[in-house]
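This chain uses plain numbering: 1 for the first residue, then up along the sequence.
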Amino acid sequence: MRDATRQTVVWEALRAVLADLTTATGRETLDIVDAGGGTGGFAVPLARLGHAVTVVDPSPDSLAALERRAAETGVTVRGLQADAGDLGDLLEAETVDLVLCHSVLEYVEDPAAALAAAAGVLRRGGVVSVLAANPLATAIHRALSGNFGEARQVLADSAGRWGDRDPTPRRFTREAVTGLLSKAGFTVADVHGVRVFADLVPSRLAEGDPAALVELERAAAAHPVLRDIATQVHVIACR
């Protein structure tokens with residue numbers, strides 16, 4: 001239930017994008033690439049909606065799990081083993097309607113190159129969905145756990161890391177994500193905060209009234225202050 005609550009805002013934004021793209025293209029079946037899509041958490045549901053989905057991921061184990069999940073669901077998802085920055089080498093230019101780049105920029109060697117590669121494979125009017133970890137939320141979470149020095153380090157560090165043991169190589173504020181997208185030739189269409197409260201509320205309270213928590217997340221997602229302290233920044237941008 002907690003995972004569903006955390007994903008609600010993202011899925012609602014994606015459904016709106018899909019509706020706009022099908023209207024604009026006149027096609028019910030869209031060509032979608034999930035860069036770093038792993039085991040298919042987004043790819044398989046999108047394939048169930050009837051879209052042609054390709055997952056690009058460097059992990060053979062994740063791609064094997066994706067294949068099993070797709071088979072169990074009764075859909076087909078193409079899996080390609082590569083990094084997000086290799087999209088231009090794997091796919092023809094301007095052949096994709098939507099690229100998902102969720103929890104990828106934090107780990108790729110060159111975030112700017114990954115977004116440039118995404119721009120290259122998108123058709124004119126195509127859309128990229130970027131989901132990235134937010135350093136401001138990390139500072140709040142470290143402080144709430146009593147790690148005040150680590151919280152301060154997050155705010156001071158250019159990569160938004162709390163120390164050498166931090167498993168996340170880098171994090172991005174809203175301004176950083178939108179700046180990278182603009183440099184890659186995208187026009188930012190919408191920005192959401194994802195998991196503003198869902199990661200802060202104790203499980204017993206979240207599970208006690210999940211519908212109310214979802215409604216709160218919806219209200220907070222576009223709030224001009226709250227969205228900037230969400231666990232993740234979600235940006236929709238057009239080519």
Side-chain angles (χ1 to χ4, degrees), residues 1-20 32 34-46 84 98-108 111 114-115 118 127-145 154 159-162 166-181 186 188-203 205-207 209-238:
M1 182 61 71
R2 179 65 75 93
D3 287 343
T5 300
R6 288 169 171 163
Q7 297 287 358
T8 295
V9 170
V10 178
W11 272 112
E12 289 181 350
L14 288 179
R15 289 189 187 99
V17 168
L18 295 172
D20 289 344
I32 300 175
D34 190 350
T39 61
F42 283 93
V44 170
L46 288 169
L98 171 63
V99 173
L100 306 187
C101 189
H102 293 175
S103 301
V104 169
L105 298 184
E106 299 94 321
Y107 301 98
V108 294
L115 290 178
V127 174
V128 64
S129 170
V130 177
L131 195 63
N134 179 6
L136 301 181
T138 300
I140 292 171
H141 297 162
R142 300 312 291 177
L144 289 176
S145 64
V154 171
R161 304 182 77 238
W162 50 258
D166 190 336
T168 303
R170 65 181 76 86
R171 296 181 176 88
F172 300 86
T173 61
R174 171 178 56 86
E175 293 86 356
V177 175
T178 56
L180 283 171
L181 285 164
F186 288 99
V188 173
D190 210 352
V191 181
H192 301 98
V194 176
R195 295 153 56 187
V196 178
F197 295 105
D199 290 351
L200 299 174
V201 176
S203 295
L205 297 178
E207 294 168 2
D209 196 349
L213 180 56
V214 168
E215 288 301 319
L216 178 60
E217 285 290 333
R218 286 193 182 107
H223 190 285
V225 175
L226 293 176
R227 70 182 181 186
D228 286 347
I229 62 168
T231 298
Q232 292 174 303
V233 179
H234 185 210
V235 183
I236 302 294
C238 305

Quick check: do [X] and [Y] have side-chain heavy atoms less than 4.5 Å from each other?
| X | Y | result |
| --- | --- | --- |
| Asp20 | Val127 | no |
| Leu105 | Leu115 | yes |
| His141 | Leu200 | yes |
| Val17 | Ser129 | no |
| Thr8 | Glu217 | no |
| Leu18 | Ile32 | yes |
| Leu100 | Leu46 | yes |
| Trp162 | Arg171 | yes |

> Could you state the interatomic distance from CG (Leu131) to CD1 (Ile236), rounded to the nearest 0.5 Å?
Replying inline: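 One gets 9.0 Å once the value is rounded to the nearest 0.5 Å.
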For [X] and [Y], which heavy atoms make the closest approach, and how far apart are they?
| X | Y | answer |
| --- | --- | --- |
| Phe172 | Leu180 | CE2-CD1, 3.6 Å |
| Phe197 | Ala220 | CE1-CB, 3.8 Å |
| Ala13 | His234 | CB-CE1, 3.7 Å |
| Ser103 | Gln232 | OG-NE2, 3.4 Å |
| Ala189 | Cys238 | CB-SG, 4.1 Å |
| Arg170 | Val108 | NH1-O, 2.7 Å |

> Under 3.5 Å, is there a donor-acceptor pair between the side chain of Arg174 and the main chain of Val233?
Replying inline: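 No, the answer is negative, given that no donor and acceptor are paired below the 3.5 Å cut-off.
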> Can you check whether Asp228's main-chain N or O pairs, donor with acceptor, with Asn134's side chain at less than 3.5 Å?
Replying inline: yes
>> Between Asp166 and Arg142, does any NZ, NE, NH1 or NH2 come within less than 4.0 Å of an OD or OE carboxylate oxygen?
In response: no
>> Tell me whether Arg218 is salt-bridged to Glu215, with the criterion being a basic N under 4.0 Å from an acidic carboxylate O.
In response: yes
>> Which residues pass the ring-ring contact (aromatic ring centres under 6.0 Å, His included) test with Phe42, not counting sequence neighbours?
In response: Trp11, His102
>> Against Ile140, only a single residue in Ile229, Thr231, Val154 fulfils side-chain contact (heavy atoms from CB on, under 4.5 Å); can you say which?
In response: Ile229
